[in-house]
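Below is one structure, written out as structure tokens, with a few remarks after it.
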Amino acid sequence: MEEILQSLNNEQKNAVLNNDSNVLILAGAGTGKTRVITSKIIYFIKEKNVSPRTILAVTFTNKAANEMKERIENYFKSDFDLMIRTFHSFCSYILRNEAFLVNRSRYFQIFDSDDSGKVLKKILAEYKNIENKSARYYYKLIQIYKQNLGKTHFKNIDLDNFKKIYDSYEDYLLKSNCFDFEDLITKTIGIFNKYPMILEKYKSRFKYILVDEYQDTNKSQFELLKLLKGKENKILVVGDEDQSIYKFRGADINNILNFQNDFDDAKIIKLELNYRSTEYILETANSVIKNNQLRLGKNLYCNNKKGNKITLFNAVNELDEVEKIIDIMNQKKFKPDETAILYRTNNQSRPFEQIFNKFSIPFVILGSIAFYEREEIKDAVSILKWVINPRDRISFSRFINKPSRGIGEKTINLIFNESEKHDYDILKALKNINEVKGISKNTCKKLSDIYQIFYSANDMNIKTLDKLLLYYLEKLKIYEHYEIIDSKEGLDKVSNIKELVSSVRNIICSEDEILNYLENVTLSPVLDDEKGRKEKIKLLTAHNAKGLEFENVFIIGMEEGLFPSSRSMEDEIENYDEEERRLFYVAITRAKSNLIISYCQNRNLYGLFTERTRSRFIDEIPENLLQLNFYNQNGNNKINFKTGDVVKHKDYGKGKIIRIDFINGKRVALIDFWDHSCFELFLDKIKLEKIEE
DNA sequence: CGGTAGACAGAGTAC
DNA sequence: CTGTCTACCG
């Protein structure tokens with residue numbers, strides 16, 4: 001323990017040793033918070049003789065959970081019965097224990113938003129969709145409704161209609177023996193409220209509650225924590241209000257802002273010493289975030305060197321932006337492996353894919369479409385989900401008609417009706433398919449064959465999951481379904497499925513192992529394959545970059561409407577740009593040594609060229625931290641010309657700068673001269689003065 | 001039931 | 001621009 005404490009700074013030590021009250025550790029970016037949490041858990045176990053079994057640590061990503069667990073077990077060199085999980089996976093653990101209390105079996109499966117959307121689509125079709133709103137719209141409403149534990153005050157929404165759709169949705173999930181994401185939290189709370197004895201059981205077990213990324217908790221998660229904590233236990237939360245970027249997912253920044261009001265005897269310990277970034281980068285981060293009102297307030301400092309100034313450049317369009325980034329990387333000799341390109345929206349990776357591919361520049365996109373969200377992967381996984389939980393209608397519908405074998409919506413509905421009539425699961429309905437009226441002889445035969453495939457699997461004594469999955473895939477002819485689409489796309493899908501098969505070769509074919517695997521697939525989507533990351537430039541959204549760090553960071557597309565996003569402006573009236581500013585702050589603080597920020601003058605949006613203005617956030621960076629116009633290295637012309645400036649030339653007279661471009665590192669301005677036509681001039685070679693209009 | 005063509009809406013971050 | 005939904009025909 002001594003050596004652990006010695007390696008901590010005073011702030012961190014204080015956070016580890018302070019155990020008499022409820023504590024909020026307000027940890028800025030790069031201040032070593034994971035280290036503090038793990039040290040704290042080690043301290044509990046080693047110095048306070050706390051049984052590991054009584055510790056509950058909740059995180060938001062499985063990555064963080066695994067990292068903590070690993071560090072602790074490495075220290076003690078032994079496995080512990082430590083409950084370190086994400087909110088969702090912790091609740092899933094409780095729900096599997098207590099499933100019968102919410103009319104489910106422990107084999108329940110979890111619907112992702114895609115599955116939920118399909119359920120809602122079916123329901124809306126039945127109701128003829130009175131309000132003519134999309135399934136996605138209702139999914140969002142239901143999510144919000146659940147996150148707020150039914151205490152939402154919807155405005156301008158037909159509540160009777162909503163309630164009807166909501167009830168049908170809940171009914172569908174119940175019949176499918178499934179939960180959606182929000183259910184995991186809310187149904188757990190439901191059990192705790194309804195059955196105090198059950199709550200007592202968990203409360204008396206988990207005496208020490210630690211929460212990571214507290215700024216990302218939503219209302220229901222907050223309620224869950226309060227229930228578990230009760231009056232008896234202490235709670236320790238770690239978070240950073242400046243990095244609260246998941247409002248769209250229900251995160252309520254007020255949880256962290258109000259911590260001292262919500263819990264009595266609460267203490268705040270700040271961690272402000274940053275180990276990650278150079279001073280210029282930290283100063284940039286600090287000057288941006290201080291424009292936010294909703295803060296507890298902290299100011300990062302470091303003992304690192306000043307470092308390089310922040311490079312800011314503009315590009316003609318999104319393709320030019322890519323080319324300039326390649327140029328900068330070459331000139332500054334950035335290693336691809338240590339470089340990340342961060343953007344606001346996933347589709348901004350496109351021009352990079354195009355150009356990087358053209359020049360064979362190695363890159364990897366992190367987390368755009370998670371592997372497990374791909375159509376073909378979901379198809380394959382849905383087979384296993386249905387095997388484990390044969391009431392799951394959505395999973396059954398996914399694979400049953402791939403390749404098409406004449407089993408369409410009509411037949412599927414007849415099967416569902418049959419299973420509902422007798423309270424069978426779907427497998428049993430297939431077994432008795434001959435009794436179902438309205439299905440043709442031919443189709444009946446096909447369904448019986450499918451029943452045989454699943455029935456026989458039990459007798460085959462298959463040992464590992466890859467073999468089992470392969471058996472189903474071959475018998476059901478899923479490969480053929482995708483191979484028949486004789487294109488690169490189809491072949492990619494086949495190879496993705498093969499990758500999936502080989503990834504489960506170490507999983508034993510027991511119900512529990514498969515159940516555990518399926519839960520991980522849904523609750524801990526892997527960002528990418530680690531093996532392919534080396535020596536490659538990383539492309540990812542600012543959201544996905546949270547918690548990561550890179551030597552060199554490009555933040556691209558810093559334009560009004562994009563970053564800050566115009567959609568976030570519609571979302572709320574007050575402080576509408578604060579969440580976006582936090583996101584920018586997160587992006588800035590990912591950089592260790594070099595930070596480059598860029599924006600475009602034009603951008604192709606939905607097929608149209610649109611003129612852009614640079615982001616308001618850029619103006620919040622003090623000019624003395626910026627290295628402007630990276631390409632203007634000669635410094636012949638000290639004037640900082642920009643688009644829209646009115647200028648005067650001794651021969652051509654007055655004109656207006658339309659845009660500024662760079663050719664071979666030299667600034668070139670396209671100027672619309674009033675007495676002449678429009679033409680381009682090298683800014684650093686001509687005599688040009690800026691004048692007032 | 002299934003495939004396809006053409007219309008049309010939407011366009012964002014993700015456990 | 002692109003993905004999705006609808007209408008129609010085999």
Side-chain angles (χ1 to χ4, degrees), chain A residues 58-65 85-92 110-114 116-118 121 124-125 129 132-137 139-140 143 147 180-185 212-213 216-218 220-221 244-251 342-348 350 366-370 372-373 375 400-413 439-440 442-443 446 484-485 519-527 540-547 557 561-571 579-580 582-584 586-587 603-610:
Chain A
V58 203
T59 65
F60 267 87
T61 63
N62 271 298
K63 197 174 162 243
R85 289 184 181 230
T86 63
F87 269 101
H88 290 95
S89 119
F90 171 65
C91 287
S92 173
I110 301 157
F111 279 169
D112 64 17
S113 46
D114 184 65
S116 295
K118 285 193 169 149
K121 208 179 260 172
L124 292 177
N129 198 0
N132 200 27
K133 293 272 171 48
S134 65
R136 201 190 137 98
Y137 169 83
Y139 177 65
K140 233 178 174 171
Q143 250 188 321
Q147 279 162 3
D180 68 14
F181 280 131
E182 299 310 326
D183 280 343
L184 298 176
I185 318 286
D212 190 17
E213 309 277 16
D216 288 333
T217 50
N218 63 31
S220 61
Q221 289 157 345
S244 172
I245 56 171
Y246 285 111
K247 190 193 170 94
F248 72 91
R249 214 171 57 193
L342 311 187
Y343 37 76
R344 180 65 181 80
T345 65
N346 273 311
N347 61 11
Q348 286 171 265
R350 279 207 175 184
L366 301 186
S368 67
I369 304 177
Y372 290 105
E373 281 170 29
E375 181 195 8
I400 193 63
N401 207 27
K402 285 184 186 180
S404 64
R405 36 172 83 87
I407 302 166
E409 210 185 321
K410 216 171 161 185
T411 310
I412 290 176
N413 281 334
I439 300 180
S440 75
N442 204 5
T443 312
K446 281 180 175 152
I484 223 156
I485 311 166
E519 184 168 312
N520 284 337
V521 166
T522 322
L523 293 185
S524 58
V526 204
L527 250 190
L540 63 166
T541 61
H543 280 91
N544 267 330
K546 192 167 159 210
L562 188 56
F563 205 161
S565 154
S566 52
R567 305 206 97 212
S568 75
M569 298 182 199
E570 295 158 16
D571 287 351
E579 175 106 350
E580 295 285 314
R582 287 192 288 268
L583 186 58
F584 185 42
V586 167
R603 183 175 287 275
N604 191 346
L605 283 179
Y606 322 122
L608 291 170
F609 260 100
T610 29

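Each chain gets a letter, A, B and so on, in the order its sequence line appears, and its residues count up from 1.
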What distance separates A/Leu342 CG from A/His543 NE2, expressed to the nearest 0.5 Å? 12.0 Å
Out of curiosity, A/Ser116 OG to A/Gln143 CD, how far, rounded to the nearest 0.5 Å? 8.5 Å
Just checking [X]: base, sugar-phosphate only, or nothing, at a heavy-atom cut-off of under 4.0 Å?
X: A/Leu605; value: nothing
X: A/Phe60; value: sugar-phosphate
X: A/Thr411; value: sugar-phosphate
X: A/Asn401; value: sugar-phosphate
X: A/Lys121; value: sugar-phosphate

Report the nucleotide, chosen from [options], that has the shortest atom-to-atom distance to any side-chain atom of [X].
X: A/Ser404; options: B/dA14, B/dG12, B/dG2; value: B/dG2
X: A/Arg350; options: B/dG12, C/dT2, B/dG2; value: C/dT2
X: A/His88; options: B/dA14, B/dG12, B/dC15; value: B/dC15
X: A/Ser565; options: B/dA14, B/dG12, B/dC1; value: B/dG12

A/Arg405 backbone acceptor or donor facing A/Asn401 side chain under 3.5 Å: yes
Answer yes or no: is there a donor N or O on one side and an acceptor on the other, between the side chain of A/Gln147 and the main chain of A/Glu182, under 3.5 Å? no
According to the 5.5 Å centroid and 30° plane-angle thresholds, does A/Tyr246 stack upon the nucleobase of B/dT13? no
Go through the N and O atoms of the side chain of A/Arg344 and the base of B/dT13, and report whether any donor-acceptor pair is under 3.5 Å. yes
Between atom CD1 in A/Ile439 and atom P in B/dC1, what is the gap in whole Å? 10 Å
Rounded C1' spacing from B/dG12 to C/dC5 in Å: 22 Å
